[in-house]
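See structure below.
All ligand and atom numbering here is 1-based and tracks the order in the structure.
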Amino acid sequence: MTSIQTLTVLVPAYNEAEVIGTFHRRLSAVLDALPLVSRVLYVDDGSRDGTWALIAALAADDARVQALRLSRNFGKEAAMTAGLDHADGDAVVLIDADLQDPPELIPALLDRAAEGFDVVYATRARRDGETWFKKFTSASFYRAMERLSDTPVPRDTGDFRLMNRRAVQAVNALRERQRFMKGLFAWIGYRQSSLVYDRDARTAGTTKWNYWRLLNLALEGVTSFSTAPLRVASWTGLAAALLSFGYALWVFLKALIWGDPVRGYPTLMVVILFLGGAQLLAIGLIGEYVGRTYAETKRRPLYYVEDRKGDLPASPRE
Ligand code: UDP
Ligand code: MG
């Protein structure tokens, strides 16, 4: 493995005007102390506040800063993809702009990588400033993913991580639209290691994730890494068929042995409603996958770059 000479710190930012200055100062202090060439690549994900102007100002007086502005808000996953396509360091550190991922951890990530790891991801030991409900839902999500998927996503791990060139190239080769990055990072394999840290509360600004977005991300995570939900339909169908067969036998015997009259209407209703519901559920599930296949087959670019700052060549994938 070649040693790391240059480091790109990749920062996706969407409406982060309130924190980006503080973030850059804290990050610079860390990078200044590192014995290697470093760059900071900001990807402005179509912010509507002054984020791009601030990034442009940073690029103007810090030669280390490279910046991309996407043509609209594509979402964090696409912003990270754009950054990974353009990052030219031997290693890339992915970090949030809101200071929830402490930049001070970067030297430790580098040390661990030097031990011969391709990916070093930071695992949260504690979550400050998050409600018990968010902690609970994210814990349940990781547990469900572990059960359902063939490539388990490491628990309590965000996108904060270091990847070397070979890992970045592997991720860049995956061009699917359903970009559940944590899943992709795990899927590539190679030598991965984790580093435990305490996650801080956001210093300023507000989270861009509401429960609706998180729920959709979770659904994306499950459906892009597992076809297990499709099997739910088969199993429900089989169970319903077995149950109704047993019930039919019971009705038949009752009529034969005790001569009970068969009361048709309620039983018919129950069976029809049950099967109707099960079929709708199954169709919905299949539709979910068909929709994904449709989105994938359009082969649209994952993002468009509107503007760039600093010394940043065009990416062949752009
Ligand atoms: N982000 C982005 N595009 C989006 C939403 C978020 O680039 O559409 C960035 C955001 O600026 C931040 C990081 O992704 O740097 C994490 O976002 P946030 O703090 O809102 O998420 P959380 O920490 O709550 O998971
Ligand atoms: Mg955050």
- [ ] Please answer: with hydrophobic residues joined when any side-chain heavy atoms are less than 4.5 Å apart, are Leu110 and Val37 in the same cluster?
- [x] no
Task: Salt bridge Asp85-Arg175, side-chain N to carboxylate O under 4.0 Å - done: yes
TODO: May I ask you to list the atoms of ligand 1 that are less than 4.0 angstrom from any heavy atom of Ala13?
DONE: 7 (O), 11 (O)
Task: Charged tip of Arg72 within 45° of Phe74 ring normal and under 6.0 Å - done: yes
- [ ] With heavy atoms of Asp96 as the reference, note each atom of ligand 1 found under 4.0 Å away.
- [x] 13 (C), 15 (O), 16 (C), 23 (O)
- [ ] Nearest heavy atom to atom 2 (C) of ligand 1 wins, so pick from Phe160, Tyr14, Phe74, Tyr42.
- [x] Tyr14
- [ ] Please work out whether any backbone atom (N, CA, C, O) or any side-chain heavy atom from C-beta onward of Val43 is under 4.0 Å from ligand 1, and answer side chain, backbone, both or neither.
- [x] neither
Open item on the list: So, of the N/O/S atoms that Asp98 has, which is the nearest one to the Mg ion (ligand 2)?
Closed with: OD2
Open item on the list: I need the atoms of ligand 1 closer than 4.0 Å to a non-hydrogen atom of Pro12, numbered in the order shown.
Closed with: 7 (O), 9 (C), 10 (C), 11 (O), 12 (C), 15 (O)
TODO: Please identify which atoms of ligand 1 are closer than 4.0 Å to at least one heavy atom of Ala97.
DONE: 15 (O)
Open item on the list: For ligand 1 and Ala79, I'd like to know whether there is a polar contact (N/O to N/O, distance under 3.5 Å).
Closed with: no
TODO: Give the numbers and elements of all ligand 1 atoms closer than 4.0 Å to a heavy atom of Glu16.
DONE: 10 (C), 11 (O), 12 (C), 15 (O)
- [ ] Identify, by atom number and element, the atoms of ligand 1 in contact range of Asn73, meaning under 4.0 Å from any of its heavy atoms.
- [x] 3 (N), 4 (C), 8 (O)
